[in-house]
**Student:** 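The following block contains the structure, expressed as C-alpha cells.
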Amino acid sequence: MIKLIDIIEQVKDENLSKEQLEDYYSMACQLRTEISMQLADYLKKEALFMVSSTEGSVASKKVAWKGSQEGQRLIELKSYATAIKSLLDGLKNRIYSKL
C-alpha cells in the first residue's frame, strides 16, 4: 500500500501527465477512505476513554487521552486528513489545467 508521504513526494514532479495525475488522485482517494475509517475508530476510542471513568475533570481526561498512544495516533490521523484534502484539491486543479 502506498503511503501519503510517498504520494506527496511523487506529485511534486511538475511534468506529470494528466493520466499520471489521475492515477495519483485515485490512490489519494483510496488513502483518504482508509484514513477516514481509522479516524472514526479512534474517535470512538476517545469517546469510550472519556466516559470510562467518572473521576477527574473533562480537561484532565482530554490531556490524558492526547498523551496516550491512541491519542497520539488520533492527532496524526487528523493531520493526515487535512493534508490529504489539500493534496486532492491540488491534484484536481492540476488535472483540470491539463484539459
Side-chain angles (χ1 to χ4, degrees):
M1 179 179 80
I2 194 158
K3 294 182 179 182
L4 178 58
I5 192 73
D6 295 333
I7 296 174
I8 291 170
E9 288 299 318
Q10 292 168 6
V11 299
K12 286 181 179 178
D13 182 356
E14 293 295 324
N15 298 316
L16 294 172
S17 69
K18 180 178 178 274
E19 291 76 23
Q20 288 172 309
L21 291 170
E22 288 171 341
D23 287 343
Y24 284 122
Y25 186 85
S26 178
M27 284 188 271
C29 284
Q30 290 174 336
L31 193 55
R32 178 182 58 183
T33 300
E34 292 172 21
I35 289 170
S36 294
M37 290 169 47
Q38 284 186 37
L39 189 56
D41 287 340
Y42 280 90
L43 288 170
K44 288 189 287 186
K45 289 178 182 183
E46 179 184 28
L48 292 173
F49 180 87
M50 296 297 287
V51 298
S52 66
S53 171
T54 57
E55 294 181 24
S57 66
V58 171
S60 67
K61 289 180 186 179
K62 285 185 179 185
V63 169
W65 169 256
K66 288 181 179 183
S68 72
Q69 188 173 1
E70 290 179 326
Q72 292 293 302
R73 180 66 179 151
L74 180 59
I75 291 168
E76 286 178 337
L77 288 170
K78 286 180 178 181
S79 295
Y80 295 164
T82 301
I84 204 150
K85 182 185 180 321
S86 298
L87 175 67
L88 287 168
D89 289 343
L91 282 170
K92 192 184 310 180
N93 287 337
R94 287 177 65 187
I95 290 168
Y96 288 131
S97 73
K98 298 227 181 232
L99 293 179

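Numbers for residues simply follow the sequence, beginning at 1. Every value quoted in this text rests on a predicted model; they were computed, and no experiment measured them.
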**Student:** Is it the case that atom NZ in Lys62 sees more than 12 heavy atoms from other parts of the structure closer than 6.0 Å?
**Tutor:** no
**Student:** Can you tell me how far CD of Glu19 sits from CD1 of Ile95, rounded to the nearest 0.5 angstrom?
**Tutor:** 10.0 Å
**Student:** Using 0.5 Å steps for rounding, measure from the CD atom of Gln20 to the CG atom of Asp23.
**Tutor:** 7.5 Å
**Student:** When you compare the side chain of Leu77 with that of Arg73, does any pair of heavy atoms fall below 4.5 Å?
**Tutor:** yes
**Student:** Within a 6.0 Å radius of atom NZ on Lys66, are there more than 12 heavy atoms belonging to other residues, nucleotides or ligands?
**Tutor:** no
**Student:** Which heavy atom in Ala83 sits nearest to a heavy atom in Leu4, and how many Å separate them?
**Tutor:** CB-CD2, 4.1 Å
**Student:** Are Val63 and Leu74 in one and the same hydrophobic cluster, where Ile, Leu, Val, Met, Phe, Trp and Tyr link if side-chain heavy atoms are under 4.5 Å apart?
**Tutor:** no
**Student:** Over all heavy atoms of both residues, which pair between Ser68 and Gly71 is shortest? Give the atoms and the distance, please.
**Tutor:** OG-N, 3.0 Å
**Student:** Treating Lys61 as the side-chain partner and Ser52 as the backbone partner, does any N or O pair qualify as donor plus acceptor under 3.5 Å?
**Tutor:** no
**Student:** For residues Leu91 and Ala28, report the shortest heavy-atom separation together with the two atoms involved.
**Tutor:** CD1-CB, 4.5 Å
**Student:** Can you name the nearest heavy-atom pair linking Glu70 to Tyr42, along with the distance?
**Tutor:** O-CD2, 3.5 Å
**Student:** Distance check, rounded to the nearest 0.5 Å: Ser26 atom OG versus Leu88 atom CG?
**Tutor:** 10.0 Å
**Student:** Less than 4.5 Å apart, any side-chain heavy atom of Leu16 and any of Arg94?
**Tutor:** yes
**Student:** Would a single hydrophobic cluster contain both Val58 and Trp65, if residues Ile, Leu, Val, Met, Phe, Trp and Tyr are joined by side-chain heavy-atom contacts under 4.5 Å?
**Tutor:** yes
**Student:** Got Glu46 and Leu43 here, is their nearest side-chain heavy-atom distance under 4.5 Å?
**Tutor:** yes
**Student:** Is the shortest side-chain N to carboxylate O distance from Asp89 to Lys85 below 4.0 Å?
**Tutor:** yes
**Student:** Within this structure, what is the CG-NZ distance for the pair Leu39 and Lys44, rounded to the nearest 0.5 Å?
**Tutor:** 11.5 Å
**Student:** Taking all atoms of both residues into account, what is the closest heavy-atom pair of Ile7 and Tyr24, and its distance?
**Tutor:** CG2-CD2, 4.3 Å
